[in-house]
> 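Take a look at this one; I'll ask things after.
Per chain, numbering begins at 1; letters A, B, ... match sequence-line order.
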There are 2 protein chains.
Amino acid sequence: MQPHAIDRPSIVACIEHSGVFRKLAGESRERLLTEAFVAYADRGEVIWFAGSESRFSATLASGYVKLVRTAAQGTAVTVDIAGPGHTIGLLAVVEGHSYPLTAIAVSPTWYLKVPAGLMRDLYNSDGLLRDEVLHTMAPRLRRAHDMMARLTLGKVEQRLASVVLLLADSFGVRHETGTTVAVPLTRSDLAEMAGTTVETTIRVLSRWSKQGWVEMRRRHLTVLQPEALLDRNESD
Amino acid sequence: MQPHAIDRPSIVACIEHSGVFRKLAGESRERLLTEAFVAYADRGEVIWFAGSESRFSATLASGYVKLVRTAAQGTAVTVDIAGPGHTIGLLAVVEGHSYPLTAIAVSPTWYLKVPAGLMRDLYNSDGLLRDEVLHTMAPRLRRAHDMMARLTLGKVEQRLASVVLLLADSFGVRHETGTTVAVPLTRSDLAEMAGTTVETTIRVLSRWSKQGWVEMRRRHLTVLQPEALLDRNESD
DNA sequence: ATCCAGATATGACCACCGTCATAACCAGGC
DNA sequence: GCCTGGTTATGACGGTGGTCATATCTGGAT
């Protein structure tokens, strides 16, 4: 059907690639296998809206999801990105709150849908899972603080450099010439993350492109000289 | 000695006011009482530096602490503020990492110093404590995402309004005329949080003051008309 | 094939705000 | 008392980057 869509993964495959569920065994694993199910979201599709009741968590098997905060006027800010192996909506489900952020697929995405009730049971009964949950939260909090710092301080070009480097670091595929960001993000997405406009983002990126620091194709970004981008942060 | 310093609290008092330790009982509580100890930090004193090995967590009894990220050039950004009852350094200690942020007291502060070894023992043995840790992390992550969004989007005045409202919300003391922020923050501190300069912060605040929206004394800020500040976010 | 929406690209204008300079003010130390 | 360092305050100037306008390019749908 969808030319770019990867084949539907099995539940076992979802579990095996997941940071949170991988080590799970015994009855917990059994329940996951029977009560959780695989779902699909197309590019641009909303998996859940901020403010809605949390009914399930999503463990990504393939594809990428952006977590967006929408302000009153409609302006949106992407505060985090999740990729294969990551689980989103975990805190909301465990704590019984509504989702704080809107989750939108940025590429065709297969994921494991774990109902809230099941997730809460597993969390309460399985000590191992609790540890794993904490271990996934810690880096996210650190990343959030990190980005906060980078976003507040400095000029737009530095902020964009930070965003691009973070993306290359978190979701980069390395090859001889450089590192390609695996997430198919538009300039508009990047702008949302760096807190600037599409126009400025385009301007900065094409400047970098002319310098030979990055290479761009539609929705694809390759970092050729990360040092050059790093320099953009230090200077000034 | 210090005229502004509040009297040294007892260990029991620290535990009772703490979100994390309050419910602790039995052996866990015993160990806390014998192995943890009360410490003091003066205004401006560094409790720990980012990057240093995490040797203890700090549970605040009185006073306020800012958590700061320092960039390469020396510019600092305040990413979070902790008040009485809050525990900081928890994740670093439990996960065995070094502190990700620098902790600086913004007012005379009494706190409970819990050694890393003890904290890890308690965390591993006491299921209740694990839950509490997660419950303290969740709002912090949400707050971080919230601030990220507010900081990226919009003009400086809006960002400052967000910061001030958040402070009034988290640490405000309400009385007839308005809400006073209990944390003794300088304009420079506010600037660090909003990602702007001291000068701009002063200009904006004195504009608000002339409008009668806020009232200022040295290191003290009272919000008189929160709606007016909220409007600053919506408009434009 | 054609059409269309979304993505990419570039230019002109000017408001906002960061930088620098200068000064008054306040608290604490001696 | 005086002096010192931190905080608050205000003005002038210039550049960054947001806004608007316009145009081309690409991929997917029919």
> Got B/His145 and A/Leu67 here, is their nearest side-chain heavy-atom distance under 4.5 Å?
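They are not in contact (no side-chain heavy atoms under 4.5 Å apart), so the answer is no.
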> Report yes if the side chains of A/Met137 and B/Leu91 come closer than 4.5 Å at any heavy-atom pair, otherwise no.
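With C-beta onward as the side chain, the pair stays apart.
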> So which one's nearest nucleotide on DNA chain D is more toward 5', B/Val198 or A/Thr200?
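Nearest nucleotide further toward 5': that of B/Val198.
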> Between C/dT8 atom C1' and A/Trp208 atom CH2, what is the distance in whole Å?
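One finds 17 Å between C1' of C/dT8 and CH2 of A/Trp208, rounded.
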> Return yes if the base of C/dC17 and the side-chain atoms of B/Glu199 contain a donor-acceptor N/O pair under 3.5 Å, otherwise no.
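A donor-acceptor contact between them is absent.
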> Hey, are the side chains of B/Ile88 and B/Leu101 touching, using non-hydrogen atoms and a 4.5 Å cut-off?
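A side-chain contact is absent here, since even the closest heavy-atom pair is not under 4.5 Å.
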> A/Lys155 has an atom NZ; how far is it from atom P of D/dG17, in whole Å?
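Interatomic distance, NZ of A/Lys155 to P of D/dG17: 7 Å.
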> Does any non-hydrogen side-chain atom of B/Met216 lie less than 4.5 Å from one of B/Trp208?
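A side-chain contact is absent here, since even the closest heavy-atom pair is not under 4.5 Å.
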> Any salt bridge linking A/Arg217 with A/Glu215? Criterion: basic side-chain nitrogen under 4.0 Å from a carboxylate oxygen.
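Between A/Glu215 and A/Arg217 there is no salt bridge, as every charged N stays at least 4.0 Å from the carboxylate O atoms.
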> Find out whether A/Val198 and A/Thr186 are in side-chain contact, i.e. whether some heavy atom of one side chain is under 4.5 Å from a heavy atom of the other.
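A/Val198 vs A/Thr186: side chains apart.
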> Please list, by residue number, the residues of residues 187-197 of chain A whose heavy atoms come closer than 4.0 Å to an atom of DNA chain D; answer none if no residue qualifies.
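Per residue number, the list reads A/Thr196, A/Thr197.
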> What is the distance, rounded to the nearest whole Å, between atom CG of B/Leu185 and atom P of D/dG6?
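These atoms are roughly 18 Å apart.
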> Hey, can you tell me if A/Tyr64 and A/Phe171 have their rings parallel, tilted or perpendicular (30° and 60° cut-offs)?
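Perpendicular.
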> From C-beta outward on A/Ser206, which listed nucleotide comes closest to its side chain: D/dA9, D/dT7, C/dT10?
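Looking only at heavy atoms from C-beta outward on A/Ser206, the closest nucleotide is C/dT10.
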> Report yes if the side chains of B/Leu221 and B/Leu185 come closer than 4.5 Å at any heavy-atom pair, otherwise no.
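The answer is no, as the side chains (C-beta and beyond) never meet within the 4.5 Å cut-off.
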> Quick one: bend of the helix from C/dA1-D/dT30 to C/dC30-D/dG1 from 5 pairs per end, to 10°?
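If I round to tens, the end axes sit 40° apart.
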> Which whole-number value in Å describes the distance from B/Arg159 CZ to C/dC16 P?
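About 14 Å, once rounded to whole Å.
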> Consider side-chain contact (heavy atoms from CB on, under 4.5 Å). Of B/Glu199, B/Glu157, B/Lys155, which one does B/Val204 pass it with?
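Answer after filtering B/Glu199, B/Glu157, B/Lys155: B/Glu157.
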> For residues 211-226 of chain A, which residues have at least one heavy atom under 4.0 Å from DNA chain C?
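The stretch gives A/Met216, A/Arg218, A/Arg219 as the residues lying under 4.0 Å from the strand, ordered by number.
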> Hey, does B/Ser107 have a side-chain heavy atom less than 4.5 Å from the side chain of B/Val183?
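No, their side chains stay 4.5 Å or more apart.
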> Please determine if B/Arg150 and B/Asp146 form a salt bridge, counting it only when a charged side-chain N lies under 4.0 Å from a carboxylate O.
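Between B/Asp146 and B/Arg150 there is a salt bridge, with a charged N closer than 4.0 Å to a carboxylate O.
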> Counting only distance, no hydrogens or angles, is the base of D/dT10 paired donor-acceptor with the side chain of B/Arg207 under 3.5 Å?
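No.
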> Report yes if a side-chain nitrogen or oxygen of B/Arg43 is closer than 4.0 Å to either non-bridging phosphate oxygen (OP1 or OP2) of D/dT7; otherwise report no.
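True: B/Arg43 side-chain N/O within range (under 4.0 Å) of D/dT7 OP1/OP2.
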> In whole Å, I'd like the distance from the CZ atom of A/Arg203 to the P atom of C/dC13.
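Spelled out: CZ on A/Arg203 to P on C/dC13 is 14 Å.
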